[in-house]
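Every value quoted in this text rests on a predicted model; they were computed, and no experiment measured them. Just follow the structure's listing: the first ligand is 1, and inside any ligand the first atom is 1. Side chains included, hydrogens not; waters and symmetry mates left out as well; all remaining heavy atoms used.
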Amino acid sequence: MSNKIYIFDTTLRDGEQVPGCQLTTFEKVHIAKELELLGVDVIEAGFPISSPGDFQSVIEISKAVKDPIICALTRAVEKDIDCAAEALAFTKRGRIHTGIGSSDFHIQYKFNSTREKVLERGVAAVKYAKNLVEDIEFYAEDAGRADNQYLAQMVQAVIAAGATVVNIPDTNGYCTPEEYGAKIKYLFDNVNNIHKAIISVHCHNDLGLATANSMAGVINGARQIECTINGIGERAGNTSLEEVVMIMKTHKELDLETGINTRKLFPISRLVSSMMRMPVQPNKAIVGRNAFAHSSGIHQDGLIKNKKTYEIIEPEDVGVTQTSIVLTARSGRAALKYRLELIGYKIEMDKLDAIYERFLEMADKKKDIDDVDLKFLMGESKDDRGIVLEDMEIVCGNKHPKATLKLKLKGKSESASSEGNGPIDAATKCIDKILNKEFVIEEYLVQAITGGSEDTSKVHMQVKHGTNVMTGFGADTDIVVASVHAYIDAINKMV
Ligand code: KIV
Ligand code: ZN
């Protein structure tokens, strides 16, 4: 059996089913082109019968993308299949993904039917689709809860009818890895034509087991994983693409490989997150903001001695440019010395104790210590910070949001006024005017600290100028003031 695992990306179909995260056709095409550069084998581009937008997206993605197979979803219904085939007319390598429920829950309650009749409908759908497109994938919906003997019968029948790929979805994220792995093994042991098709795993994350289940599936013979960027998808989401890919890359003994260019994982994660307006949780494996940030003293000390002590993946391998040693009250002397050296201070060991004492006092008051704080600690004035917000006035509302802002630049005050399409736009335009430069906000995330309308809001922002990208942070009870602080914080890191 080959050790190549096909990566079937369903960010634009199952991933896009997240309420409130719908994309325009233009955005979908943009993401599809990046998925092609990432090296996915299949892009599930949509469910054409579901809406004119999905139909059009499949057409546009088919025109824009050359290498991956473009797949369109259908129910086991002729008009769905006709519509999918029509949308796929512009691709060189199209696939129809059709299927029907396989668990008794679906057979009885969704279809009010019998196992025999549902199996016949599945086979008929594959035969019908095969007349229109050569590459047919069949999904046995809710296979996670289906009776294995019946599932094996269904898989054998659809392969005989012409299915080239058979998908065994754990639609409700119900299985444990042992159970799911055993299900795939059962199929390999009991379906006599199974080697004529690729078996695919499609796991949902309702119990947090999607990645583990997908891995159990490929270890037991499946050769395609259906997954999404950042693990997005309905309810708790789908298998996360970056996780399964990095598991296979890290665990060489599994002898499984993909065609993914892992250095593109972090950039595409951020692209999908911002286009879908769905923040990535900070502790998300592989692509979370903290995935490579070490803040405890023991870890930082080990990491400075040798990266391999606390890092199993090179951050650069997934497109993260630096491991961050975050200085907090839990950091040790070694981390402080390391960060001070990075910004140009050579510290003798006998002086370190005194500086460390002062550092701990500061870290007790302020959560994260940045380079400007360190300079202050080493006796340089805080006014060295290039730009300081002195004053701001904002007019909000649905007519003409306006801002007037006063900044201190190296000790000198300068002000500007501007209108904008909202208060943050107006305020940041004032800053751009004063600095005579244009910055672009690439990512913007507001979070409450404890909740309630009197709460302090925290703003994280990614700001770009040319090729320079920096993140900034600001906190205030006023969300616009917090945003301006975050914007200035990012710019201060650049200049
Ligand atoms: O989860 C599922 O069963 C699906 C199928 C439609 C493939 O998304
Ligand atoms: Zn699904």
From CA spacing to verdict: side-chain hydrogen bond (donor to acceptor under 3.5 Å, both in side chains), Thr211, Thr239
CA-CA 5 Å; Thr211 294; Thr239 299; 5.4 Å; no
Could you check which N/O/S atom of Asp14 is closest to the Zn ion (ligand 2)?
OD2
What part of Asn167 sits under 4.0 Å from ligand 1 if we count only heavy atoms: the side chain, the backbone, both or neither?
side chain
Yes or no on side-chain hydrogen bond (donor to acceptor under 3.5 Å, both in side chains) for Glu234 and His204, after CA distance, side-chain angles and deciding distance?
CA-CA 8 Å; Glu234 266 193 294; His204 280 266; over 6 Å; no
Classify the side-chain pair Thr228/Asn238 by whether it contains a donor and acceptor separated by less than 3.5 Å.
no
Ligand 1 contacted by Arg13 (non-hydrogen, < 4.0 Å):
yes
N or O pair under 3.5 Å between Thr171 and ligand 1:
yes
List every atom of ligand 1 that sits less than 4.0 Å from any heavy atom of His204, numbering the atoms from 1 in the order shown and giving each element.
1 (O)
Which of the numbered atoms in ligand 1 are under 4.0 angstrom from any heavy atom belonging to Glu141?
3 (O)
For atom 4 (C) of ligand 1, the closest protein heavy atom turns out to be His202 NE2, 3.5 Å
Consider every N or O of His97 and every N or O of ligand 1, then say whether any pair is closer than 3.5 Å.
no
Using only N, O or S atoms, tell me which atom of His204 is closest to the Zn ion (ligand 2).
NE2
Please determine if Asp14 has a nitrogen or oxygen closer than 3.5 Å to a nitrogen or oxygen of ligand 1.
yes
Would you tell me whether Lys284 and Ser240 have side-chain atoms, one donor and one acceptor, within less than 3.5 Å of each other?
yes
Has ligand 1 got any nitrogen or oxygen that is less than 3.5 angstrom from a nitrogen or oxygen of Tyr139?
no
Any Phe439 side-chain heavy atom under 4.5 Å of Ile441 side chain:
no
Within a radius of less than 6.0 Å around CZ of Phe111, do more than 12 heavy atoms belonging to other residues, nucleotides or ligands occur?
yes
Among the N, O or S atoms that His202 has, which is closest to the Zn ion (ligand 2)?
NE2
Side-chain (Thr309) to main-chain (Asn306) donor-acceptor, under 3.5 angstrom:
yes
With Arg270 as reference, evaluate Glu242, Glu443, Glu34 under the salt bridge (charged side-chain N to carboxylate O under 4.0 Å, His left out) test and give the passing residue.
Glu443
